[in-house]
A.B. asks: 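I have a structure I would like to understand better, so I am pasting it below and will then ask my questions one at a time.
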Amino acid sequence: VDATGGNDTNSGTSEATAWKTISKVNSISFFPGDKILFKRGGVWREPLITPVSGSSGKPIVFADYGSGSKPIISASDLITSWTQYSANVWKTAPLGAVAYQVFFNGVRGTPATSLAGVDGPNKWYADSSNVVYVYSEDNPSSLYTNPGIEVGQRSQNIGIYERSYLAIQNLVAKHTNAPNTSSAAGISVQYSGSDIVIDGCEVIDSMRNSISVGPLSNVTVSNNLISGGGLYGIQFWHNNPTPQVNIIIANNTITNLGIDSQVVGAAIRTTGYSN
């Protein structure tokens, strides 16, 4: 899957015939043992919702190929069209969802409680019509170009729901946008299943939880980098009386939790698990 050079009408079975979008991936019933590989250096601004399960000994793998930086699945949209509202305040058209996070060249902005508070660098405000206002001393499209101003729009990046025998490897999930939804997470694994591996991934600047799993058995979360999240870095939970078993959490780096009004729950939280 190639974000810039792919085409969804291709076969998708070689680098030269790559697909382009994650929506194409989400629509396909893959077979046990299949690998879905995302080109390094690419950015996708749409969620990955794993469509099917693998089988014992033949997991379906979602991973990377090529060279350069790991593939990014972002929950924010890059805004390139701005209208000047006042001398140093610029606004978007109405967006599709409430914005809870805004990033200025990758730096998390500071939300204002009113439009009057948009009075300095990296300040922003979202009104009831989902219009976002930012402080900028020139057109934001000219002043911010690496990559620009990104506005949070989706509550998760990678979702695994009632699936088993899957591996998520070497992918980057950024900018989840819902602060008070339990399923909001950079990587969200929910509602039963088993045999899930999350390895070598990065979850950056998630609004609430970075990796959230439950209730499942036989899960490994290893070698991941979690940075800039809100409530929990890695959370395992359950909602039934039977403890879930065989959980491995190993060699993860978790740093810089706690943003805005979000309370830091823990770097790692487990409830109702054994072994």
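For this chain, numbers begin at 1 and follow the sequence in order. What you see is a predicted model, and the numbers here were worked out from it, not measured in a lab.
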A.B. asks: Counting only N and O atoms by type, is there a donor-acceptor contact under 3.5 Å from the side chain of N246 to the main-chain atoms of S217?
C.D. replies: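 No; judged by distance alone, with no hydrogens or angles, the pair does not exist.
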A.B. asks: Evaluate the side-chain hydrogen bond (donor to acceptor under 3.5 Å, both in side chains) criterion for residues T21 and D8: first the C-alpha distance (whole Å), next the side-chain angles of each, then the deciding distance (0.1 Å), finally the verdict.
C.D. replies: CA-CA 7 Å; T21 69; D8 285 347; 2.6 Å; yes
A.B. asks: In this structure, would I226 and V172 fall into the same cluster of hydrophobic residues linked by side-chain contacts under 4.5 Å?
C.D. replies: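 No; tracing contacts between hydrophobic side chains, which count when under 4.5 Å, never links both residues.
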A.B. asks: S136 side chain to D138 main-chain N or O, any donor-acceptor pair under 3.5 Å?
C.D. replies: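 Indeed, once roles are kept as given, a pair shorter than 3.5 Å links the two residues.
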A.B. asks: For a side chain to side chain donor-acceptor pair (under 3.5 Å) with D77, tell me which candidate from R154, R45, Q153 qualifies.
C.D. replies: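 Exactly one option meets the side chain to side chain donor-acceptor pair (under 3.5 Å) with D77, and it is R154.
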A.B. asks: Starting at SG of C201, measure out to CZ of F62 and round the result to the nearest 0.5 Å.
C.D. replies: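 C201 SG to F62 CZ: 12.0 Å, rounded to 0.5 Å.
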A.B. asks: Report the distance from atom CG of L171 to atom CD1 of I158, rounding to the nearest 0.5 Å.
C.D. replies: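 Taking CG in L171 and CD1 in I158, the distance rounds to 5.0 Å.
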A.B. asks: Picking from N122, T92, I149, N88, what satisfies side chain to side chain contact (heavy atoms under 4.5 Å, CB included) with V134?
C.D. replies: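 Single side chain to side chain contact (heavy atoms under 4.5 Å, CB included) partner of V134 among N122, T92, I149, N88: I149.
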A.B. asks: Given the rule that I, L, V, M, F, W and Y join up when any side-chain heavy atoms are under 4.5 Å apart, are V132 and L143 in one cluster?
C.D. replies: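 Result: yes, single cluster for both.
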A.B. asks: To the nearest 0.5 Å, what is the distance between CD1 (I36) and CD1 (I28)?
C.D. replies: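 Rounded to the nearest 0.5 Å, the CD1-CD1 separation comes to 10.0 Å.
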A.B. asks: Taking all heavy atoms of S188 and all of Y161, pick out the closest pair and write down the distance.
C.D. replies: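 What the structure gives for the nearest pair is OG-OH, 3.9 Å.
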A.B. asks: Pick one: which of T9, D2, N10, N7 meets side chain to side chain contact (heavy atoms under 4.5 Å, CB included) with T17?
C.D. replies: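 Checked T9, D2, N10, N7 against T17; only one passes side chain to side chain contact (heavy atoms under 4.5 Å, CB included): N10.
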A.B. asks: Before you tell me yes or no, could you show the steps for S222 and T220 under side-chain hydrogen bond (donor to acceptor under 3.5 Å, both in side chains), namely the whole-Å CA-CA distance, both residues' side-chain angles and the distance that decides it to 0.1 Å?
C.D. replies: CA-CA 6 Å; S222 58; T220 298; over 6 Å; no
A.B. asks: Return yes if some donor-acceptor pair links the side-chain N/O of N224 with the main-chain N/O of E202 below 3.5 Å, else return no.
C.D. replies: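 Judged by distance alone, no pair lies under 3.5 Å.
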A.B. asks: Should I211 and L257 be counted in the same cluster of Ile, Leu, Val, Met, Phe, Trp and Tyr side chains packed under 4.5 Å apart?
C.D. replies: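 Yes, same cluster.
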A.B. asks: Are V107 and M207 linked, directly or through other ILVMFWY residues, by side chains that come within less than 4.5 angstrom of each other?
C.D. replies: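 No, separate clusters.
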A.B. asks: Atom OH in Y65, atom NZ in K39: separation rounded to 0.5 Å?
C.D. replies: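 So the gap between those two atoms works out to 5.5 Å.
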A.B. asks: So how far is it from L216 CG to I160 CD1, rounded to the nearest 0.5 Å?
C.D. replies: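 Separation between the atoms: 8.5 Å.
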A.B. asks: Take K70 and D64, measure what salt bridge (charged side-chain N to carboxylate O under 4.0 Å, His left out) needs, and give me the verdict at the end.
C.D. replies: CA-CA 7 Å; K70 292 179 181 179; D64 60 314; over 6 Å; no
A.B. asks: Checking side chain to side chain contact (heavy atoms under 4.5 Å, CB included) against N252, which of V221, I268, N223, L225 comes through?
C.D. replies: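 The side chain to side chain contact (heavy atoms under 4.5 Å, CB included) with N252 is passed solely by V221 among V221, I268, N223, L225.
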A.B. asks: Would you say Y165 and L37 are hydrophobically clustered, going by side-chain heavy atoms of ILVMFWY under 4.5 Å?
C.D. replies: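 They do not share one cluster, since no chain of ILVMFWY contacts under 4.5 Å joins Y165 to L37.
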A.B. asks: On a heavy-atom basis, which atom in S76 and which in E150 lie closest, and how many Å separate them?
C.D. replies: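 Taking S76 first and E150 second, the nearest heavy atoms are OG-CB, 3.5 Å.
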A.B. asks: Quick check: do W44 and V1 have side-chain heavy atoms less than 4.5 Å from each other?
C.D. replies: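 Side chain of W44 against side chain of V1, heavy atoms only: contact under 4.5 Å found.
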A.B. asks: Check each of V203, T253, I204 against S227 using the side chain to side chain contact (heavy atoms under 4.5 Å, CB included) test, and report the only one that passes.
C.D. replies: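 With S227 as partner, V203, T253, I204 yield a single side chain to side chain contact (heavy atoms under 4.5 Å, CB included), made by I204.
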A.B. asks: Once the angle between the rings of F103 and H175 is folded into 0 to 90°, is it parallel (under 30°), tilted (30 to 60°) or perpendicular (over 60°)?
C.D. replies: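 Parallel, since the angle between the ring planes stays under 30°.
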A.B. asks: Any side-chain heavy atom of I79 within less than 4.5 Å of one from L95?
C.D. replies: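 Of all side-chain heavy-atom pairs linking L95 with I79, at least one is under 4.5 Å.
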A.B. asks: How long is the span from the CD1 atom in I196 to the OG1 atom in T50, to the nearest 0.5 Å?
C.D. replies: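 Nearest 0.5 Å value for the CD1-OG1 distance: 7.0 Å.
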